[in-house]
A.B. asks: 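Handing you a structure now.
All residue numbers in this chain count up from 1 along the given sequence. As the structure is a computational prediction, the values presented were derived from the model and not from experiment. Both ligands and their constituent atoms are indexed starting at 1 by order of listing.
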Amino acid sequence: MEVLRVEGPARLRGEVAVSGAKNAALSIMAASLLADGPITLERVPEVSDVTTLSQLLRHLGMRVMRSADDVVRMETIDPSRYRAASDLVRRMRASFCVLGPLLARRGRAIVSLPGGCNIGARPVDLHLKGLAALGADIRISAGRVIARAGRLRGTRINLRGPHGPTVTGTANVLCASVLAKGNTIIAGAATEPEIVDLGSFLIALGAEIEGLGTDELAIRGVDQLGTARHRIIPDRIEAATLLIAAAVTGDCFTVRDANAEHLQAVLDVLSAVGCQLNVEHDRIRIDRRGRLLPVDIVATPYPGIASDVQPQLVTLLTLADGTSSISDEVFPNRFAYVSELRRFGAMVHQTGCGVQVEGCSRLRGTQAVARDLRGGAALLLAGLSAEQTTLLGGLHHIDRGYQRLDEKLRQLGARIERRRPLREPHAQPASIDERLPTAV
Ligand code: EPZ
């Protein structure tokens, strides 16, 4: 169990490149089950969620090979498989995205219901509703979805839920509908760039889809899909996290290979709190010298502020000159990281619908543990701006979605390193000092 040792406050300079988008790569790799030949994906991030999905796809009869330059080559070698290894599905929710492609291509699927996680309730009722509407016979038994289908049939489906559209639900139903007989309309579809990227990949395979990027997708089912080579879009959540790093440390650097269009809502907030931004094609230069201004934020589906950036923005606003309020319409209870953030001296209070943040001039180094991916990134950013040393545990959460984030921050000048603890932590730590073993 590694910990990160961060010496603060950091001074960050230079430039850093963004990797490929985890949430696009995952749904596109799952969609590769639909293909009738070899697939080549470029800019696939080297993160543990991608590794988990690669293992799952191998279990499902695919050859998955990664080469050093972030290229992944895939091909189905045994199309008879339809049981998704439950330990892998439970490890990572996005594995549930194999359900639609398996049903459409192999007519059968057995996939465990994904577990919950620290960011809130994660039902899959909309996924199942959409697939059943396309004609799949779906039963839930012993925590598993058991699904069967002849050729799926096109129809009209509304995928809008109580918290707006569903991203992976749209991915599952879209993948199932491209091989269905006839036309499908998906109303209330997610408009996230990761869904547009999935749609572009499916079109490259030979699918017929209109309306990508809007909340209504029109799909004309085809009899067969082919092969494709596809470059994954840049990771807008990673880019946002890096830009916020400059804002929390009061520095100036360039994030390259990013897509500024996908980041507009975040760039608007960074300007509103007082950062200077210069956007040239795929390079975003950020400069934060003066004091930070408070702002109120509501996380919403795209093109609003992504729920996956909300925790990092809360860290930023703990350093603002005044009071800010933050709520999240996508995952209303996504504030489990707040108790850890308070260990840095942050003044964050839970309110009925989110948190209120009283800005302070400086955070102080501490020992903290990441409990989920983006909450972990928020704590790392706090460590970068804090005085003295921070020890951050729970790195496996951060490694799920960031490709070598600590190395990238070191490249910008952060004094940050991974350490193996001197002694194994207790299974159920009683106090803060036992939560993180003393690192040398
Ligand atoms: C995707 O999760 C992302 N994960 C999440 O990123 C991201 O936070 C989320 O979209 C929202 O943008 C991947 O793409 C792998 P949803 P997903 O279905 O698809 C409710 C990260 O940090 N809902 O769009 O699972 C649900 O409870 C991860 O990279 C239903 O009610 O999220 C939530 O409130 C974390 N019924 C809302 O919809 C359903 O069947 C949006 O969830 C499905 C969802």
A.B. asks: So is Ser307 polar-close to ligand 1, meaning N/O to N/O under 3.5 Å?
C.D. replies: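 No - when backbone and side-chain N and O of Ser307 are compared with those of ligand 1, no distance drops under 3.5 Å.
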A.B. asks: Which heavy atom of the protein is the closest neighbour of atom 36 (N) of ligand 1, given with residue, atom name and distance?
C.D. replies: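 Of every protein heavy atom, Asp125 OD1, 2.7 Å lies nearest to atom 36 (N) of ligand 1.
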A.B. asks: Apply side-chain hydrogen bond (donor to acceptor under 3.5 Å, both in side chains) to the pair Ser325 and Asp296, showing each step before the final yes or no.
C.D. replies: CA-CA 5 Å; Ser325 67; Asp296 295 338; 3.3 Å; yes
A.B. asks: Determine, considering heavy atoms only, which of Asp49, Leu198, Leu128, Thr166 sits nearest to atom 18 (O) of ligand 1.
C.D. replies: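 Considering heavy atoms of Asp49, Leu198, Leu128, Thr166, the nearest to atom 18 (O) of ligand 1 sits in Thr166.
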A.B. asks: Looking at ligand 1, does any of its N/O atoms fall within less than 3.5 Å of an N/O of His163?
C.D. replies: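 No, no N or O pair falls under 3.5 Å.
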A.B. asks: I'd like to know if Arg148 pairs up with Asp137 as an ion pair, taking the criterion as any Lys NZ or Arg NE/NH1/NH2 lying under 4.0 Å from an Asp or Glu carboxylate oxygen.
C.D. replies: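 So Arg148 does not pair with Asp137 through a salt bridge.
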A.B. asks: Tell me whether ligand 1 is touched by Ala94 - counting only heavy atoms on the residue side and a distance under 4.0 Å.
C.D. replies: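 Heavy atoms of Ala94 do come under 4.0 Å of ligand 1.
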A.B. asks: When you measure from the heavy atoms of Ala306 to every atom of ligand 1, does any distance fall below 4.0 Å?
C.D. replies: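 No, Ala306 has no heavy atom closer than 4.0 Å to ligand 1.
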A.B. asks: List the steps, then state whether side-chain contact (heavy atoms from CB on, under 4.5 Å) holds for Tyr337 with Gln310.
C.D. replies: CA-CA 11 Å; Tyr337 62 91; Gln310 174 257 99; 2.5 Å; yes
A.B. asks: With heavy atoms only and a cut-off of under 4.0 Å, state how Tyr302 meets ligand 1: side chain, backbone, both or neither.
C.D. replies: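 Tyr302 to ligand 1: no contact under 4.0 Å from either part.
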A.B. asks: Check this for me - ligand 1, Ile119, N or O atoms closer than 3.5 angstrom, yes or no?
C.D. replies: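 Checking ligand 1 against Ile119, no N or O pair falls under 3.5 Å apart.
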A.B. asks: For Arg122, take its heavy atoms, then give the atoms of ligand 1 lying under 4.0 Å from any of them.
C.D. replies: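 Heavy-atom distances to Arg122 below 4.0 Å select 2 (O), 17 (P), 25 (O).
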A.B. asks: Does any N or O in the side chain of Asn172 come within less than 3.5 Å of the main-chain N or O of Phe96, such that one atom is a donor and the other an acceptor?
C.D. replies: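 Such a contact is found between Asn172 side chain and Phe96 backbone.
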A.B. asks: Got an N/O contact under 3.5 Å between Pro162 and ligand 1?
C.D. replies: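 There is no such contact.
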A.B. asks: Which residues satisfy the side chain to side chain donor-acceptor pair (under 3.5 Å) test with Arg63, sequence neighbours excluded?
C.D. replies: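 Applying side chain to side chain donor-acceptor pair (under 3.5 Å) to Arg63 gives none.
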A.B. asks: Taking salt bridge (charged side-chain N to carboxylate O under 4.0 Å, His left out) as the test, write out the residues that go with Asp78, two or more places apart.
C.D. replies: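 Expected list: Arg81.
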A.B. asks: State whether the side chain of Asp235 and the backbone N or O of Lys22 hold a donor-acceptor pair below 3.5 Å, judged by distance alone.
C.D. replies: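 Yes, the answer is positive, given that a donor and an acceptor are paired below the 3.5 Å cut-off.
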A.B. asks: State plainly whether the residues Arg220 and Glu210 are in salt-bridge range, i.e. N to O under 4.0 Å.
C.D. replies: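 Counted as a salt bridge, because a side-chain N and a carboxylate O are separated by less than 4.0 Å.
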A.B. asks: Keeping Arg43 on the side-chain end and Ile232 on the backbone end, is there a donor-acceptor pair under 3.5 Å?
C.D. replies: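 Judged by distance alone, yes, a pair lies under 3.5 Å.
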A.B. asks: Quick check on contacts: which atoms of ligand 1 are under 4.0 angstrom from a heavy atom of Arg334?
C.D. replies: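 Those qualifying, in numeric order: 8 (O), 22 (O), 35 (C).
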A.B. asks: Should Val330 be counted as touching ligand 1, given the test is an N or O pair under 3.5 Å?
C.D. replies: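 In this structure, Val330 places an N or O atom under 3.5 Å from an N or O of ligand 1.
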A.B. asks: Should Pro165 be listed as contacting ligand 1, given a heavy-atom distance under 4.0 Å as the test?
C.D. replies: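 Yes, that is the case, since the closest heavy atom of the residue is under 4.0 Å from the ligand.
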A.B. asks: Looking only at protein heavy atoms, which one is nearest to atom 30 (C) of ligand 1, and what is the separation?
C.D. replies: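 The closest heavy atom on the protein side is Pro123 CG, 3.5 Å.
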A.B. asks: Only one of Leu292, Ile297, Val348 clears side chain to side chain contact (heavy atoms under 4.5 Å, CB included) with Leu317; which?
C.D. replies: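 Checked Leu292, Ile297, Val348 against Leu317; only one passes side chain to side chain contact (heavy atoms under 4.5 Å, CB included): Ile297.
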A.B. asks: What I want to know is whether Val167 and ligand 1 share at least one N or O pair that is separated by under 3.5 angstrom.
C.D. replies: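 In this structure, Val167 places an N or O atom under 3.5 Å from an N or O of ligand 1.
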A.B. asks: At less than 4.0 angstrom from any non-hydrogen atom of Ala121, what atoms of ligand 1 do you find?
C.D. replies: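 Contacts of ligand 1 toward Ala121, numbered from 1: 27 (O).
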A.B. asks: May I ask you to check if ligand 1 and Asp308 share an N or O to N or O distance below 3.5 Å?
C.D. replies: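 Yes; the residue has a nitrogen or oxygen that sits under 3.5 Å from a nitrogen or oxygen of the ligand.
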A.B. asks: Quickly, which of Val3, Thr366, Ile398, Val369 forms a side chain to side chain contact (heavy atoms under 4.5 Å, CB included) with Leu392? Name it, please.
C.D. replies: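 So, applying the side chain to side chain contact (heavy atoms under 4.5 Å, CB included) to Leu392 and each of Val3, Thr366, Ile398, Val369, only Ile398 qualifies.
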A.B. asks: Name the closest protein heavy atom to atom 40 (O) of ligand 1, giving the residue it belongs to and the distance to 0.1 Å.
C.D. replies: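 For atom 40 (O) of ligand 1, the nearest protein heavy atom comes out as Leu126 N, 2.8 Å.
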A.B. asks: What part of Lys22, side chain, backbone, both or neither, has a heavy atom within less than 4.0 angstrom of ligand 1?
C.D. replies: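 Answer for Lys22: side chain.
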